[in-house]
Q: 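Below: one structure in structure tokens.
Just so it is clear: chains get the letters A, B, ... in the order the sequence lines come, proteins before strands, and each one is counted from 1.
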Protein chains: 2
Amino acid sequence: MTTRVEQKERTRRAILDAALELSAESTLAAVSLRQVAKQVGIVPTAFYRHFDSVEALGLALVDESFASLRTMMRDIRQGDPALADIVDRSVTILVDHVHDQRAHFAFIARERGAGPPEVRAAIRHQIELFERELATDLARLPGTDVWSPEDLRVLANLIVTAMVATAEAILAAERRPDVEKETVERARTQLRMVLVGALNWRSQP
Amino acid sequence: MTTRVEQKERTRRAILDAALELSAESTLAAVSLRQVAKQVGIVPTAFYRHFDSVEALGLALVDESFASLRTMMRDIRQGDPALADIVDRSVTILVDHVHDQRAHFAFIARERGAGPPEVRAAIRHQIELFERELATDLARLPGTDVWSPEDLRVLANLIVTAMVATAEAILAAERRPDVEKETVERARTQLRMVLVGALNWRSQP
DNA sequence: ACATTCGGTGAACATTTGTACACTCAGAGT
DNA sequence: ACTCTGAGTGTACAAATGTTCACCGAATGT
């Protein structure tokens with residue numbers, strides 16, 4: 001026995017999952033409404049009961065994907081800041097979440113560059129918000145009080161860029177643990193390099 | 001008066017340009033053979049005289065795009081290494097080339113994440129080669145003699161990642177000089193931060 | 001001068017696409 | 001009990017897709 005809203009939500013989920021899966025080969029822009037419908041097991045026209053278009057579907061997926069990203073961010077904040085192993089912990093959490101939310105991360109990585117303009121813009125905006133949050137987090141770290149707000153934003157941007165690249169590399173590593181381990185180790189080293197740079201910032205020209 | 005090979009080459013170019021332009025809205029994966037043909041002004045079947053498929057076209061575009069990237073790399077190498085303003089010069093050259101080869105850079109940025117798997121792989125490979133070249137360049141800089149080859153690769157990867165992100169940001173800035181200027185300034189600062197980190201590397205834990 | 005090569009043509013095809021429209025029929029509100 | 005709402009159905013159609021095939025005609029090699 002199923003209530004009406006339950007059933008609708010279930011179908012909606014099925015559509016989202018189908019789109020996630022189908023877009024994995026290339027792009028959401030290359031996914032047709034009919035493909036999604038077939039995969040879900042509904043008739044094409046029923047799609048419109050849930051989304052106005054495939055693009056609207058894409059925007060919903062962006063929301064969903066970044067919601068899981070925020071969960072990750074919360075996890076990272078969860079620990080003692082100013083801890084020595086903050087780098088290791090952050091990278092580990094990132095890796096775990098990429099494994100956990102593989103489809104979502106892959107979706108963002110793909111649609112960030114390709115994908116309908118609106119979707120692209122939405123992703124860009126979310127990443128920017130992300131950077132801002134990281135910047136305020138960094139401001140709470142000891143030793144950053146001599147930093148200008150702009151430099152903090154610049155640093156946050158660099159870190160986010162590196163982490164996005166790391167996530168993409170992990171996705172590309174697919175099921176090769178050795179490659180992945182190398183990627184993770186690289187990310188840790190890079191973060192440390194950046195931190196060394198940060199700590200010595202403004203002490204030289 | 002046109003020789004036969006000339007005419008063929010001209011049509012080939014027209015196809016490449018059309019694909020570059022059409023794929024700018026979303027992705028090459030979403031571009032149909034017929035769209036390309038129509039844009040070029042040839043009949044769909046004539047397309048096959050030049051490429052086996054749209055994917056093959058994509059691979060050709062990857063080659064072309066990276067050829068122009070190598071030109072840029074050569075320009076950067078052209079100057080006195082170990083120069084103090086090496087950062088400024090490199091960033092300036094990057095910006096110029098992004099403007100000059102806008103379509104190619106945009107193509108790579110898009111198809112790197114989306115696009116047919118083969119195209120993705122080709123781009124990934126080229127970027128890796130790029131990293132390697134940068135690593136050997138870095139090895140020639142003074143002060144890097146205490147670095148391990150692995151750390152050099154890691155550093156090169158970080159720099160390339162940041163530069164790719166910078167190029168993407170410049171493309172996203174479109175025709176807004178203020179945003180672009182900010183982006184460029186950010187890239188310079190980031191490179192300096194990374195260099196500060198690099199110079200102090202191994203001198204701390 | 002003549003035969004050949006080959007880039008481009010044009011018709012034809014089976015599929016797939018997005019969307020419109022009228023419909024059913026079970027759960028929800030009264 | 002009775003109506004109403006709305007998710008999902010089924011049919012239909014014009015448009016666009018990739019690929020095939022036979023064909024043309026001008027530049028090319030001999």
Q: According to the side chain to side chain donor-acceptor pair (under 3.5 Å) rule, which pairs have a member within residues 176-187 of chain B, sequence neighbours left out?
A: His99(B)-Glu180(B)
Q: Using the salt bridge (Lys or Arg N to Asp or Glu O under 4.0 Å) criterion, which residues pair with Arg112(B)? Sequence neighbours excluded.
A: Glu168(A), Glu168(B)
Q: For a quick check, with a 4.0 angstrom heavy-atom cut-off, what is the B/S/- contact string for nucleotides 1-9 of chain D, read 5' to 3'?
A: ----BBBBB
Q: Round to the nearest Å and state the distance from Asp52(A) atom CG to dT19(C) atom P.
A: 10 Å
Q: Is the shortest distance from a Lys or Arg side-chain nitrogen in Arg12(A) or Asp17(A) to a carboxylate oxygen in the other one below 4.0 Å?
A: no
Q: Give each protein N/O atom lying under 3.5 Å from an N/O atom of nucleotides 16-18 of chain D, with the pair distance.
A:
residue	atom	partner	partner atom	Å
dT17(D)	OP1	Ser32(B)	OG	2.8
dG18(D)	OP1	Leu33(B)	N	3.1
dG18(D)	OP2	Leu33(B)	N	3.3
dG18(D)	OP2	Arg34(B)	N	3.3
dG18(D)	N7	Arg34(B)	NH1	2.4
dG18(D)	O6	Arg34(B)	NH1	2.9

Q: Charged N to carboxylate O under 4.0 angstrom, Arg77(B) versus Glu133(B)?
A: yes
Q: Table please: side-chain donor-acceptor pairs of residues 42-53 of chain A below 3.5 Å, with sequence neighbours left out.
A:
residue	atom	partner	partner atom	Å
Ser53(A)	OG	Glu55(A)	N	3.4
Ser53(A)	OG	Ala56(A)	N	3.2

Q: For the pair Glu64(A) and Arg13(A), find out whether any cationic side-chain nitrogen is under 4.0 Å from an anionic carboxylate oxygen.
A: yes
Q: Go through the steps to decide whether Glu128(B) and Arg132(B) satisfy the test salt bridge (charged side-chain N to carboxylate O under 4.0 Å, His left out), and finish with yes or no.
A: CA-CA 6 Å; Glu128(B) 196 183 317; Arg132(B) 251 189 261 271; 2.9 Å; yes
Q: Which pairs with one or both residues in residues 94-106 of chain A pass salt bridge (Lys or Arg N to Asp or Glu O under 4.0 Å), sequence neighbours excluded?
A: Arg102(A)-Glu174(A)
Q: Mind calculating the distance between CD (Glu9(B)) and C1' (dG8(C)) to the nearest angstrom?
A: 17 Å
Q: Are any of Thr3(B)'s side-chain N or O atoms less than 4.0 Å away from OP1 or OP2 of dA27(D)?
A: no
Q: Take atom CZ of Phe47(A) and atom P of dA20(C), then tell me their distance rounded to the nearest Å.
A: 14 Å
